[in-house]
Each structure stands twice: as structure tokens, then as C-alpha cells.
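Contents: one structure, followed by commentary.
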Amino acid sequence: MGSQHSIQGNQQENQNDLTVQEVMVDIHQSDGSYLWSDAEALPSTASSSLLYSSVVQGLYDLPSTKLRHYLQQLNHTFLFLGDFNAHSPLWDERSLTNHAGRALEEMLDTFPVVFFIKKRGNVEASYELSLLIEKAKKPHSVGETLVKPCLLSAANTVLGEESQRKLSKISLLDNTVKRRIDKLSEDIKEQVLDKIKASGFFAKQCDESTDVAHLCQLLVYSRFVDEETVKEEILFSAALETTAKAIDVFSKVDEFFQEHGLSWEKLVRVCTDGAPSMIESRSGFVKLVKEKNPAVTGTHCVIHRQSLASKTLPGNLRSSLNLAIKVVNFVKNSSLNFRLFAALCSDLGTDYKTLLFHTEVCWLSKGNMLSRLYELKDEVEIFLLKQKQDKLYEAFREEDFQLSLAYLVDFFEAINNLNLKLQGRNTNIIAHSDVIRAFTEKIHLWKRKVQVGNFSSFSHLNELLSEKRNIEQYDVTEEVLSHLHSLAEEFMH
């Protein structure tokens with residue numbers, strides 16, 4: 001079925017001898033979404049005493065240019081009734097002005113029009129439920145197939161049929177939920193853009209990463225001043241369809257700036273992940289930004305720098321880490337091995353029944369993987385022996401590896417704690433600098449303690465060494481000192 005358009009008019013006399021023209025505009029498609037067409041024109045007025053009343057369905061989807069097209073045909077006061085999804089302090093002191101509110105404010109000053117703003121409970125409820133569906137990351141169809149039936153069933157049981165009848169009017173069709181979410185996201189974007197434009201200057205951070213579908217995603221955050229407070233919000237995200245070169249990233253950012261009227265002159269700082277495509281002196285992203293505004297300064301993300309420094313491992317520790325990853329992959333890559341290992345752990349009464357994978361993108365996951373492997377090391381030894389993995393079994397049981405594994409667990413635990421302190425909202429480079437400086441001093445303290453044979457700062461390693469204190473060949477002092485020395489240099493660089 002194609003789209004259907006209709007305008008119906010009905011004239012009648014009222015007690016004050018004023019002709020009332022009622023215009024119902026109902027423009028919709030077969031899927032229920034509303035449209036607006038320039039083909040319709042409002043009836044012309046024949047008398048200066050005419051009062052127009054219009055009930056417009058779906059006016060929240062009406063572009064302001066289309067509404068102006070109709071208002072320009074009016075020479076007299078016109079009364080609109082409807083749900084405009086428009087926010088403004090003019091009619092609600094608790095609300096911020098959104099794009100629909102600004103359009104109505106302008107029309108109030110320009111045209112002889114009166115707006116009757118009324119919030120409809122069913123529409124508000126539909127928006128609230130759509131927001132909850134989106135936050136829960138559920139498919140849009142869940143609104144009509146699960147949420148609404150649950151509401152109706154509970155209302156009928158607790159409140160009665162009348163309440164059930166009222167709730168049945170809440171629209172939660174999948175297309176409706178999608179439209180609500182789109183409107184909410186657009187409104188949030190408009191608010192953020194308005195605050196950035198009102199701010200005297202702003203900074204932005206760019207990061208690109210490849211997702212599980214092998215698509216390169218660009219994320220851009222902005223930091224700006226709002227009501228004498230520095231605030232941070234995500235500005236936009238975009239997919240890089242082909243390459244992820246500096247010019248590709250810059251094109252996406254520049255396109256967004258031009259589309260939404262953001263000024264490069266107000267940009268004062270750019271923070272990147274430190275990749276060559278971002279900071280290369282001749283053709284990097286920062287260089288291209290400086291061509292727009294030479295006053296912009298570029299910085300390297302503190303969290304990325306910390307994670308890069310954390311990857312500095314001497315040869316023996318690197319080999320131990322690779323062996324740990326190989327063992328975890330053997331247990332988890334096969335569905336049969338996964339089930340057998342879980343059954344073994346269950347029989348032995350362990351707290352956990354599975355090992356953990358790690359990913360290079362998420363820095364915290366490697367520490368969690370090593371910690372779980374260390375807690376289940378006895379069960380892993382039994383499993384490797386039962387599976388006749390002799391080489392892995394012998395390598396895993398070596399005391400040198402056991403000590404290295406214990407140290408790596410302690411080291412990544414400390415690094416993870418540092419990483420968490422650098423994350424979060426409302427942080428700044430001064431706070432980050434203090435955290436990094438404190439951690440660097442802690443490294444020097446660890447070195448001094450290890451030099452005199454004190455490993456109390458590394459709980460797992462210290463416990464394992466206490467069991468083997470009489471065996472000199474298991475002394476790992478030199479290896480730990482070498483790693484701490486290189487780590488301190490990386491953080492001081």
C-alpha cells in the first residue's frame with residue numbers, strides 16, 4: 001500500500017458568530033510512520049474574523065520549513081493543538097530548549113500563531129519504555145512482543161480492565177520504538193552541539209578501533225565548558241569504510257564540523273591514541289587539523305601511553321606469558337576440552353570452572369586471564385596430564401615458569417589498578433600526571449625492596465618463594481629487577 005494523504009475541513013458557527021475552521025492533517029504510510037507533503041494547502045480565509053484550529057498528528061516529525069510553508073498562507077491568528085515534542089523555558093521552566101522548541105519560539109515571533117502545548121501521557125510513556133529498551137540493548141520488537149503484554153497483564157491483574165485499556169494505547173511497535181530512539185538521540189546530539197557552540201573553546205579526542213565484524217570504527221569525544229564546569233560528551237561515531245589513514249579520519253571529522261556548524265577556530269587541543277596515522281609530522285591527523293587551526297596542540301592519550309609502557313617485558317617473562325596464553329587456548333579452543341575441564345573443576349570443588357580469554361584491545365583482560373590461570377594451576381596440570389599434552393605439561397610444571405607466572409599476576413594486577421585510576425569522567429591531565437608520578441615512585445620502592453630480597457610487594461610471588469626459600473636456583477631477583485628498571489624508564493620517557 002502506498003502512502004495516503006488527506007485534509008478534512010468542517011465549518012460551523014459558534015455563539016460569538018466566529019467561523020471555526022477545523023483542519024485535520026493525517027498523513028501516513030502503510031507502516032504507520034507519518035509524512036508531510038507540500039501538495040496540500042490550508043483553506044484560504046474569506047474573513048478577518050476567522051479563527052483556525054488545527055489538530056496535527058505526528059507534528060514532531062514536521063520539518064520547520066514545511067510548517068512555515070503553511071503558516072505563510074495565514075493572515076490571521078492560528079491555533080495549533082498537538083504534541084510537538086518541543087522543549088523551551090517559555091512554557092516549561094525546567095526544560096532546556098531543543099531544536100523543535102527553537103523552531104516554535106521563532107514562529108511565535110514571526111507569525112500570528114498560537115501554539116497549545118500539551119504533553120500526552122501515552123507518548124511520554126512510549127518514549128520512556130523505548131529508552132529502557134535501548135539501554136538494555138534489546139531488539140526493538142521486544143516492546144510489542146514482551147514489554148507491552150507484560151504491562152497489560154499486570155495492569156489487568158492489579159488495577160483492573162480500565163487501567164489495562166489505558167495502557168493498551170501506548171505504542172511500542174518496532175518502527176515506533178526505532179523512531180523514538182532516533183528522536184531521543186537527535187535531541188541529545190542537538191543539546192551537546194548547542195553547548196559546544198556556546199562554549200568559548202573546546203577540545204576533542206579521536207580513537208579508532210576495529211570491532212568484531214572487522215569494521216573500523218571512529219569515536220570522537222569532546223570536552224567543553226558548560227555553566228563554568230568542564231564537561232565531556234561523545235560527539236559522534238562513524239565507520240571508516242576502507243582505509244583508516246589520517247586523511248580518512250580527518251575527512252569524517254571535517255564533514256561533521258561543516259554539517260553542524262562547528263568552528264575549527266574554537267578547537268584548542270586534539271588528543272589521539274598515538275598511532276602513526278594520527279601523529280605523523282607530515283601527513284598525520286594532527287598535522288591536517290593544524291592546517292585548519294595552527295593554534296591547536298596535539299597530545300597522546302595517557303591511558304594508551306600507560307598501556308604501551310606496560311607491554312615492556314624481558315625475554316623470559318615474555319616467553320612465560322606466551323606459554324600461559326598457549327595453555328589457555330588449548331583448554332578453551334575445543335568445546336570438548338572446555339566441557340572436560342569444567343567437569344574436572346566441578347569434581348575437585350574449585351570456585352571457578354573455566355579459564356578466561358584475553359584480547360589485545362582490552363588491557364585489563366590479560367591480567368584477569370593470568371589471575372584465573374594461577375588460581376586453577378593445579379587443575380590445569382591434572383588436565384594437561386590426562387590429555388597427554390606432555391610438552392605443555394612439563395613446561396607448565398617448571399618452577400621457573402611458576403615463579404614467572406606468579407610475578408606476572410602481581411604485575412598485571414598493579415597495572416590494572418593503575419589503568420582504572422586513569423579512567424572515568426571528569427578527569428584531567430593534572431590528575432593523570434599525579435597518578436603516573438605516584439606509580440613511578442612505587443616502582444622505585446619495589447626495586448629497593450627486591451634488591452634486599454624483599455618480595456612483599458608481590459603477594460603471589462612472595463607466597464610461592466616462601467615455599468621454596470631453601471632452593472637457590474629459583475631466585476628471580478635479577479629477572480624482576482631487570483623488568484622493573486625497564487618499566488621505570490618507559491614511564492619516565
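No experiment lies behind these values; they were computed from the predicted model shown.
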According to the interplanar angle, ranging from 0 to 90°, do the rings of H260 and F256 count as parallel (below 30°), tilted (30 to 60°) or perpendicular (above 60°)?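 Tilted: the ring planes of H260 and F256 meet at 30° to 60°.
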Parallel, tilted or perpendicular, judged at 30° and 60°: which one describes the rings of F401 and F396?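 Geometry flag for F396 against F401: tilted rings.
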Check [Y] with [X], please: is the shortest side-chain N to carboxylate O separation under 4.0 Å?
X	Y	answer
E186	K189	yes
D434	R437	yes
R180	E124	no
D248	K252	no

Looking at side-chain heavy atoms only, is the closest gap between F411 and H483 below 4.5 Å?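 The answer is yes, as the side chains (C-beta and beyond) meet within the 4.5 Å cut-off.
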For residues 141-151, which side-chain N or O atoms pair as donor and acceptor with protein atoms under 3.5 Å away, sequence neighbours left out?
from : atom 1 : to   : atom 2 : distance (Å)
T145 : OG1    : S141 : O      : 2.8
K148 : NZ     : S168 : O      : 2.9
K148 : NZ     : I170 : O      : 2.9

Verify whether one side chain among E489 and H485 offers a donor that lies under 3.5 Å from an acceptor in the other.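 H485 and E489 do have a side-chain donor-acceptor pair below 3.5 Å.
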Just checking, any donor-acceptor pair under 3.5 angstrom between side chains of Q258 and D254?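 Per modelled atom types, Q258 and D254 side chains form a pair under 3.5 Å.
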Geometric cation-pi criterion [X] and [Y], 6.0 Å radius, 45° cone:
X	Y	answer
R372	Y352	yes
K231	F224	no
K386	F383	no

Nearest non-hydrogen partners of A488 and H444, listed with the distance: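 So the two residues come closest at CB-CE1, 4.0 Å.
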Might you point out which heavy atoms bring V268 and F201 nearest each other, and give the distance in Å?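 Here V268 and F201 meet closest at CG1-CB, 3.7 Å.
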One pair to check against side-chain hydrogen bond (donor to acceptor under 3.5 Å, both in side chains): S126 and S171. What are the steps and the verdict? CA-CA 6 Å; S126 179; S171 178; 5.3 Å; no
With sequence neighbours left out, write down each residue that passes ring-ring contact (aromatic ring centres under 6.0 Å, His included) with Y221, or none if nothing qualifies.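 With neighbours one apart ignored, the set is empty.
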Any donor-acceptor N/O pair, K290 side chain to A295 backbone, under 3.5 Å: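 Absent.
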What donor-acceptor contacts under 3.5 angstrom involve side-chain atoms of residues 455-465, with partners at least two apart or in another chain?
from : atom 1 : to   : atom 2 : distance (Å)
S456 : OG     : K449 : NZ     : 3.1
S456 : OG     : N454 : OD1    : 2.8
S457 : OG     : K449 : NZ     : 3.0
S459 : OG     : D410 : OD1    : 3.4
H460 : ND1    : D410 : OD1    : 2.6

